[in-house]
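To find a chain, count down the sequence lines: A is the first, B the second, and so on, and within it residues start at 1. What you see below is based on every heavy atom in this structure, not just the backbone, and it leaves out hydrogens, waters and symmetry mates. As the structure is a computational prediction, the values presented were derived from the model and not from experiment.
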Amino acid sequence: MQAATFLAYLVAAALFITGIRRLRTPETARSGNTLAAFGMIIALVATFLVTDVATPLSWPLIGGGILIGAVIGAVSAQRVPMTGMPQMVAAFNGVGGGCIALVALSEFYQGRAETWVAALTGLLTVIIGSLSFSGSVIAFSKLQELAFSGSVVFPLQQVVNALIFLSILVLSANVLAGGAIAQALGLPFLDPLISVYAIFVASLVLGVLFVIPIGGADMPIVISLLNAFTGLAAAASGFVLENYALLIGGTIVGASGTILTRNMSSALGRPLSKIIFQGIAAAGGGDEDQEEKEVNEASAEEVGSYLKDEAQKVVIVPGYGLAVAQAQGPMYELMELLESEGKEVKFGIHPVAGRMPGHMNVLLTEAGVPYDKLYDMEDINPEFEETDAVIIVGANDVVNPAAKDEEKDTAISGMPILEVENAKKVIFVKRSLSPGFAGVDNPLFYDQDKTMMYFTDAKQGLQDIAEALRNE
Amino acid sequence: MQAATFLAYLVAAALFITGIRRLRTPETARSGNTLAAFGMIIALVATFLVTDVATPLSWPLIGGGILIGAVIGAVSAQRVPMTGMPQMVAAFNGVGGGCIALVALSEFYQGRAETWVAALTGLLTVIIGSLSFSGSVIAFSKLQELAFSGSVVFPLQQVVNALIFLSILVLSANVLAGGAIAQALGLPFLDPLISVYAIFVASLVLGVLFVIPIGGADMPIVISLLNAFTGLAAAASGFVLENYALLIGGTIVGASGTILTRNMSSALGRPLSKIIFQGIAAAGGGDEDQEEKEVNEASAEEVGSYLKDEAQKVVIVPGYGLAVAQAQGPMYELMELLESEGKEVKFGIHPVAGRMPGHMNVLLTEAGVPYDKLYDMEDINPEFEETDAVIIVGANDVVNPAAKDEEKDTAISGMPILEVENAKKVIFVKRSLSPGFAGVDNPLFYDQDKTMMYFTDAKQGLQDIAEALRNE
Amino acid sequence: MEQLLTQIAIFVIAAFLGWELISRVPNMLHTPLMSATNAIHGIVLVGAIIVIATASDAFTLTIGFIAVVFGAMNVVGGFWVTNRMLGMFRPPKPRVMKRKG
Amino acid sequence: MEQLLTQIAIFVIAAFLGWELISRVPNMLHTPLMSATNAIHGIVLVGAIIVIATASDAFTLTIGFIAVVFGAMNVVGGFWVTNRMLGMFRPPKPRVMKRKG
Ligand SMILES: NC(=O)c1ccc[n+]([C@@H]2O[C@H](COP(=O)([O-])OP(=O)(O)OC[C@H]3O[C@@H](n4cnc5c(N)ncnc54)[C@H](OP(=O)(O)O)[C@@H]3O)[C@@H](O)[C@H]2O)c1
Ligand SMILES: NC(=O)c1ccc[n+]([C@@H]2O[C@H](COP(=O)([O-])OP(=O)(O)OC[C@H]3O[C@@H](n4cnc5c(N)ncnc54)[C@H](OP(=O)(O)O)[C@@H]3O)[C@@H](O)[C@H]2O)c1
C-alpha cells in the first residue's frame with residue numbers, strides 16, 4: 001500500500017478518535033460526530049484513488065451499491081422516531097456485521113486467505129460477523145414487534161446451540177487443516193471453501209437461536225453486545241486486509257460495546273451471563289401477589305393542587321412508560337408550567353431507564369428539555385431529601401426499593417435505584433398497579449401517606465395535571 | 001527480532017500503561033508504580049536473553065554498569081529528602097537524556113544509521129537527549145544551590161542561543177547530506193561523523209545556556225519541559241532501534257511532560273514562552289513599594305486564642321515557605337491539636353504551591369497528614385465562605401488577590417488563586433511582609449480587620465501556636 | 001510475521017485507548033455513542049469496495065455488491081441518525097420566571 | 001518504509017493514549033507521576049545494553065558503559081523514589097475526637 005493511502009487511513013483513525021473524545025459533552029458531541037464522518041470520507045476517497053478495477057462493471061457496481069445503501073440509510077435515519085432508536089441501532093449494527101462477514105467470505109472464495117493467520121482471522125470475521133448480522137435482525141424484528149416478540153423458547157435450546165457451536169469449531173479446524181479433517185472423517189466433499197460456507201450458515205443460525213429466547217426489554221444489552229462483536233469482527237478484518245483504519249476503528253468500537261454492555265448489566269445489578277441465559281426468567285414477571293392492598297389513589301386535580309401549593313422543588317423520574325405513551329411533549333409542557341410557577345424542576349434519570357442506555361435523555365431533549373436539567377442517578381440521589389414531590393411517569397423498576405431488600409431475591413435485587421422514597425411526596429403516573437419489566441411489585445405503591453397513585457395513560461395524565469394546575 | 005522478544009516488549013509497554021492508569025488514586029498508585037517497574041524488568045530480561053555479545057568484555061561491562069548505576073540510583077533515591085524532589089527528578093531526567101544521546105551517538109559511530117529515516121531520528125535523539133542532559137544538570141545544581149543560583153544572564157544571550165541553534169541545524173543538514181554541505185563550504189574535515197560529534201557538543205552547550213538564565217523557582221517548569229523532551233527522545237530512539245517498548249513508553253512520557261508543563265504554566269497564568277524567556281522578569285521581584293502601610297501584627301497567643309475560641313472550621317494553606325522551613329512536622333501536630341479540640345481542619349493546596357506540582361501533597365503526607373484532608377483549589381474555594389480561619393503558612397502568590405486585579409499587570413495576573421479573602425479571618429505565618437517568588441505585594445496583608453500577620457519562621461511559629469493552644 | 005506482530009501491538013494500544021475514551025462518555029450521551037461507534041465500524045465498507053474492485057466473477061461481484069450496500073447503509077445511516085440525535089441537545093436556556101396569578 | 005509507517009501509526013495512537021492517561025492523574029499525585037514517567041523513559045537502558053553487546057572497540061564500549069550506568073540510575077532511582085513517595089500516602093484514618101478541657 002502506498003504511503004499516502006496508509007497515512008490517509010491513519011488520519012481517518014485519528015479523526016474517529018478525536019470524534020469520540022468530543023462525545024464527552026453535549027456542546028462538543030455533534031462536532032465530534034461530524035469529525036468522525038469526515039474521517040470516514042477521507043478513508044473512502046483514499047480507497048477510491050488507489051483501486052484499479054478488474055472489470056468495467058466494477059465502478060458502476062460500487063457507485064450504485066453505495067448510492068442505494070446511502071439512500072436507504074439516510075431515509076430510515078431521518079424517518080425513525082426517537083423511541084425507535086434501539087431498533088435503528090440494531091439494524092445498522094446488523095448490516096455492518098453482514099458486510100464484514102461477506103467481505104471475509106469473498107477473501108476465502110478468492111483464495112486470498114493462504115497464511116494460517118489470514119485464515120484464522122478470516123474465520124473469526126465470518127463467524128462473528130454473520131452471528132451479529134442474524135442476531136441483530138432478530139433483535140430488530142423483536143423491538144419493531146414484527147415477529148418473535150416476547151421470548152421464544154423450545155426444548156433443548158441450549159443443547160442445540162452447543163451442538164451448532166461445536167460443529168462451527170470443527171469446521172473451522174477443518175478449514176485451517178486444509179480439509180484434512182474432513183478427509184479423515186470420510187467427508188471429502190467438505191473442502192475448505194465448502195466448510196467456510198457451512199460455517200457462515202451455521203453462524204447465521206446460531207445468531208438467531210441466541211437472540212430469540214431473550215425478552216424484548218433485554219434487547220439493548222444484546223444489541224450492545226452484538227455491537228461489541230461487530231467491532232471486534234471489524235478489527236479482525238483489519239488484520240486480514242492489513243488496514244489500520246479498520247483495525248483501530250474496530251477495536252475502539254469493540255471497547256465501546258464491551259463497556260456499555262458491562263455498564264448496563266451492572267446497572268441492572270445482575271451479571272451478563274444471567275441476563276443472556278435467564279433473560280426469560282426476568283421477562284416472565286416474577287411474584288405478583290394479587291391480594292388487594294390499599295393504595296392512596298389520587299386524581300389529576302389532587303396531584304395538581306399538591307404540586308401548586310405544597311411543592312417547591314420537584315423532581316421528575318421518567319421511565320419506559322413515558323416512551324411507550326409518547327408523553328415527552330406533555331412532560332415538557334408540565335415542566336414549563338411548573339417553572340413559570342417559580343418552582344424548581346429537575347429530571348432524575350436512571351442509567352437503564354427506558355429501553356436503552358441514555359435513551360431517556362434523547363427522548364426528553366427531543367421534547368425540548370435542556371440537558372442541564374437532566375441529572376444522572378449519582379447526582380440526583382442526594383437531592384431527594386430536600387425534594388417536595390417526585391413525579392414518576394411510567395417507571396417502576398428504577399425506583400423500586402425492593403431492589404435494596406436483602407430478604408427476597410428478585411430480578412432487580414442489587415440493582416442501584418433512584419431513592420425517591422426519601423422525598424416528601426411520591427406521585428406515580430401509570431396505568432395500573434402492574435409492575436415493570438422486571439415484574440417485581442413495588443412497596444412504595446402501598447405507602448399511603450407518602451405516595452399518590454394517579455392511574456392513567458402517561459400522555460393523557462400529564463396533560464390533565466397541567467390542565468388542573470392552570471385552573472387552580 | 002524474534003516474536004517472543006517482541007511480545008515481551010509489548011507486555012512491558014502494556015504494564016507501563018496499566019501502571020500509569022493506577023496513578024489515578026492514592027490507593028492504587030503504589031501498585032501502579034510496581035507494575036511499571038515489573039514491566040521494565042520484563043523488557044530487560046527479554047533483552048538479555050537475545051543479546052549475544054561481541055567480546056567477552058561485554059557482559060562484565062553491562063553487569064558492572066547496571067550494578068553501579070542501580071546502586072547510585074537507589075542510594076540517592078533513598079537518601080533524598082522530600083523537599084529535594086525537584087532536584088532528584090531533574091537528576092534522573094538528566095541521566096536518562098544522557099543515556100539516550102549516547103546510544104544514538106554510538107549508532108552513528110557504528111555506522112548503523114544508514115537510511116535517512118534512521119539518520120534523521122538519530123540526530124533528533126542526539127540533539128534533544130544531550131540538550132536535556134546538560135539542561136537538567138544545570139537545573140539540578142541550581143535547585144541544589146551548588147551553582148548558578150538565581151538567574152545568570154549575559155549580554156546577547158538570545159543571539160548566542162540563536163546562533164548555536166542555527167549551527168546545529170546546518171550541521172544536521174550536513175549529516176543528512178552525507179557531508180556534502182561541508183564539502184561545498186570547503187570544510188572537508190567536517191565529515192558526517194565529526195558533524196554528529198559537533199552537534200552533540202553544541203546541544204550540550206545550548207542546554208546549559210537555555211537553563212542558566214531561568215530563576216530557581218521556575219525550574220519545575222523547565223524540568224517537566226525537559227522531561228517531555230527526554231520522553232520524545234526516547235520515542236525517537238524507539239524509531240531507530242525499532243523497539244516498540246521504547247516507542248510507546250517514550251511517547252507516553254512525552255505526553256506526560258507536555259501536559260504537566262501546560263498545567264503549570266496555565267496555573268501560573270502566563271504562557272510558557274513568557275516563563276522561559278522572561279523568567280528573569282518574574283524572579284526580579286516586581287513592585288515592592290516601601291511606603292509603610294499599617295498591618296495588624298499578631299502574636300502566637302493571639303492567634304492561638306482566636307483559633308481556640310472563634311474558629312470552628314479551619315483551612316490551612318501551605319506554601320513554598322513551609323517546605324523551606326521544614327515545618328511539615330509542626331504543621332501536622334497543629335492539625336492534630338485542632339482536631340482534638342473538635343475543630344474541622346482541611347488543607348487547601350494550590351496546583352503550584354511549593355516548587356513542583358503536587359509537591360505540597362507529598363510533603364504533607366510525609367508528615368503524616370492523611371490524603372483525604374488535602375483539597376485541590378477547585379474543591380476548597382467554594383468552602384472559604386463558611387470558613388472561620390485560614391492559616392497561610394509560607395505562602396503568598398497562591399493567595400494573592402492582586403492576581404484578579406484587572407488594573408495592574410503583574411507576574412501573577414490571571415493566575416487562579418485560593419480565594420482565602422472570603423473566609424472570616426486570614427492568618428499569615430511568614431517572616432516578613434516581603435512578597436513571594438513572583439514579587440507581587442499582597443493587599444490582604446493590610447486588611448487589618450480580616451488579617452492577622454504573625455511574623456516568624458514557619459517551623460518555630462507553628463510550634464508556638466500549638467504551644468499557645470495547649471496553654472489556653 | 002513482523003506484520004502480524006505490529007498489528008497485535010496496534011490492537012493492544014488501541015484497546016487501551018478505546019477503554020479510556022469510552023469510559024469518559026457520560027450516561028447522557030450513551031445512545032448517540034452507541035450509534036456513532038456503530039457507524040464507525042462501517043469503515044469495513046472500504047473492504048467491500050476492494051472486494052468488488054478485485055473481483056471479475058459474478059459470484060464475488062454479487063457478494064461484494066451486497067456488502068457495499070450494507071456497508072453504505074451502516075455508515076451513512078449511523079452518522080446521520082447520530083447527527084440528528086445530537087442536534088436535539090439544546091444548550092442550557094435562561095430560566096423562564098414569569099409568575100402568573 | 002512499511003516499518004516507518006507502522007511506527008508512525010503506533011506513535012500517533014500512543015500519543016492519544018498518553019494524553020488520556022495523564023490527564024486523569026489528579027494534582028495530588030503529580031510529583032509521583034513525574035518521577036514515575038521519568039523512570040519509564042529509562043527503558044532506553046535496553047538500547048544501551050545492545051550498544052555494548054554489539055560493540056568491540058574501546059570507544060563504543062566506553063560510551064556504552066556510561067550509557068548503561070546512566071540508564072540504570074534513571075530506572076532504579078526513578079522507580080525507587082516514586083515507590084518511597086507513594087508509600088507515604090496514608091489512607092484516611094478514623095477521626096480523632098477526644099476533647100480536652
Ligand atoms: N435502559 C436499558 O438499557 C435497559 C436494558 C435492559 C432492560 N432494561 C429494564 O427496563 C426497565 C426500565 O425500568 P423503568 O422503570 O424505566 O420501566 P419499567 O420498570 O419497565 O416500568 C415501566 C412502567 O411503565 C408503565 N407504563 C407502560 N405503558 C404506560 C403508559 N402508556 N402510560 C403510563 N405508564 C405506562 C407500566 O406500568 P402500567 O402497566 O401500570 O402502566 C410499567 O410499570 C428496568 O427493569 C431495566 O432493567 C433497561
Ligand atoms: N509549584 C510549582 O510547580 C511552581 C513552579 C514554578 C513557579 N512556582 C511559583 O512558586 C510560587 C509558589 O507560591 P507560594 O505561595 O507557594 O510561595 P511564594 O508565593 O513564593 O511565597 C513563599 C513565601 O514563603 C515565605 N517564607 C519563606 N521562607 C519562610 C520561612 N522559613 N518561614 C516562613 N515563611 C517563609 C516567604 O515570605 P517571607 O520571606 O516573608 O517569610 C514567601 O512570601 C508561585 O509564585 C508559583 O508561581 C511554582
Side-chain angles (χ1 to χ4, degrees), chain A residues 16 20 23-24 26 29-30 33 37 43 47 51 53-55 58 61-62 65-66 68-70 72-74 77 85 89 92-93 95-96 98-100 102-103 106 117 230-231 234 239 241 245-246 248-249 251-253 255-256 259 339 342 351 356-359 361-362 365-366 370-372 376, chain C residues 4 7 10-11 14-15 18-19 21-25 27-31 33-38 40-44 46-49 51-54 56 60-61 63 65-83 85-86 88-90 92-93 96 98-99:
Chain A
F16 295 157
I20 295 179
L23 280 176
R24 277 173 209 173
R30 198 176 193 181
N33 183 58
T47 316
T51 41
V53 297
T55 74
S58 306
L61 279 175
I62 294 175
I66 292 183
I68 297 173
I72 302 176
M85 260 323 132
V89 173
F92 290 146
N93 186 53
V95 286
C99 178
I100 296 172
L102 291 174
V103 170
S106 75
V117 179
T230 322
F239 275 92
L241 305 173
L246 258 167
I248 298 170
T251 310
I252 291 175
V253 176
S256 158
I259 292 182
E339 288 191 332
M356 186 175 179
H359 196 185
N361 307 76
V362 175
T365 44
E366 182 192 20
Y371 54 73
D372 63 332
D376 281 348
Chain C
L4 173 66
Q7 287 175 327
I10 293 202
F11 176 74
W19 197 267
L21 288 173
I22 305 299
S23 58
R24 283 177 88 166
V25 177
N27 286 341
M28 180 196 278
L29 292 172
H30 274 173
T31 298
L33 172 67
M34 244 181 169
S35 64
T37 50
N38 213 328
I40 287 177
H41 66 49
I43 176 78
V44 69
V46 167
I49 292 170
V51 168
I52 293 192
T54 53
S56 45
T60 320
L61 286 176
I63 287 192
F65 181 72
I66 304 174
V68 167
V69 174
F70 278 0
M73 269 178 73
N74 187 181
V75 170
V76 176
F79 283 122
W80 189 298
V81 78
T82 313
N83 185 53
M85 269 190 267
L86 292 173
M88 299 179 323
F89 280 79
R90 276 171 206 61
K93 62 165 168 36
V96 209
K98 56 172 162 48
R99 339 189 115 275

- request: Check each atom of Val75(C) against the heavy atoms of chain A and say whether the ones under 4.5 Å are side chain, backbone, both or neither.
  value: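 When you check distances to chain A, only side chain atoms of Val75(C) fall under 4.5 Å.
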Can you find a pair of side-chain heavy atoms, one from [X] and one from [Y], that are under 4.5 Å apart?
{"X": "Ile252(A)", "Y": "Ile40(C)", "value": "no"}
{"X": "Val253(A)", "Y": "Asn38(C)", "value": "no"}
{"X": "Asn361(A)", "Y": "Asn27(C)", "value": "no"}
{"X": "Met85(A)", "Y": "Ser35(C)", "value": "no"}
{"X": "Ile43(C)", "Y": "Phe16(A)", "value": "yes"}

Choice from Gly69(A), Ala255(A), Ala43(A), Ser106(A) maximising heavy atom contacts with chain C below 4.5 Å: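 Winner by heavy-atom pair count: Gly69(A).
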- request: Go through Ala77(A), Gly73(A), Ala29(A), Pro26(A) and name the one with the most non-hydrogen pairs under 4.5 angstrom from chain C.
  value: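 So the answer, after comparing Ala77(A), Gly73(A), Ala29(A), Pro26(A), is Ala77(A).
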Heavy-atom cut-off 4.5 Å, strictly under: side chain, backbone, both or neither for [X] against chain C?
{"X": "Ser256(A)", "value": "both"}
{"X": "Val89(A)", "value": "both"}
{"X": "Asp376(A)", "value": "side chain"}
{"X": "Ala234(A)", "value": "side chain"}

Working to the nearest 0.5 Å, report the span between [atom1] of [X] and [atom2] of [Y].
{"X": "Trp19(C)", "Y": "Ile259(A)", "atom1": "CH2", "atom2": "CD1", "value": "4.5 Å"}
{"X": "Phe92(A)", "Y": "Phe70(C)", "atom1": "CZ", "atom2": "CZ", "value": "12.5 Å"}
{"X": "His359(A)", "Y": "Met85(C)", "atom1": "NE2", "atom2": "CE", "value": "8.5 Å"}

query: Yes or no on side-chain contact (heavy atoms from CB on, under 4.5 Å) for Ile49(C) and Ile66(A), after CA distance, side-chain angles and deciding distance?
result: CA-CA 9 Å; Ile49(C) 292 170; Ile66(A) 292 183; 4.2 Å; yes
Heavy-atom closest pair, residues [X] and [Y]:
{"X": "Phe65(C)", "Y": "Ile68(A)", "answer": "CZ-CD1, 3.8 Å"}
{"X": "Gly358(A)", "Y": "Thr31(C)", "answer": "C-OG1, 3.2 Å"}
{"X": "Ala67(C)", "Y": "Cys99(A)", "answer": "O-SG, 3.2 Å"}
{"X": "Gly96(A)", "Y": "Asn74(C)", "answer": "CA-OD1, 3.1 Å"}
{"X": "Gly65(A)", "Y": "Val68(C)", "answer": "C-CG1, 3.7 Å"}
{"X": "Ala36(C)", "Y": "Asn33(A)", "answer": "CB-OD1, 4.1 Å"}

message: One pair to check against side chain to side chain donor-acceptor pair (under 3.5 Å): Asn93(A) and His41(C). What are the steps and the verdict?
response: CA-CA 9 Å; Asn93(A) 186 53; His41(C) 66 49; 3.2 Å; yes
Which of Gly18(C), Ala14(C), Ala53(C) touches chain A most, by non-hydrogen pairs under 4.5 Å: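 Most heavy-atom pairs under 4.5 Å with chain A: Ala53(C).
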task: Pick whichever of Thr60(C), Leu61(C), Ile66(C) has the most heavy-atom pairs under 4.5 Å with chain A.
output: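 Highest number of heavy-atom pairs under 4.5 Å: Thr60(C).
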- prompt: After noting the C-alpha distance and the side-chain angles of Arg24(A) and Leu29(C), does the key distance pass the side-chain contact (heavy atoms from CB on, under 4.5 Å) rule?
  reply: CA-CA 8 Å; Arg24(A) 277 173 209 173; Leu29(C) 292 172; over 6 Å; no
message: Quick one, Leu86(C) with Leu23(A), criterion side-chain contact (heavy atoms from CB on, under 4.5 Å). Give me CA distance, side-chain angles, the key distance, then yes/no.
response: CA-CA 10 Å; Leu86(C) 292 173; Leu23(A) 280 176; 4.1 Å; yes
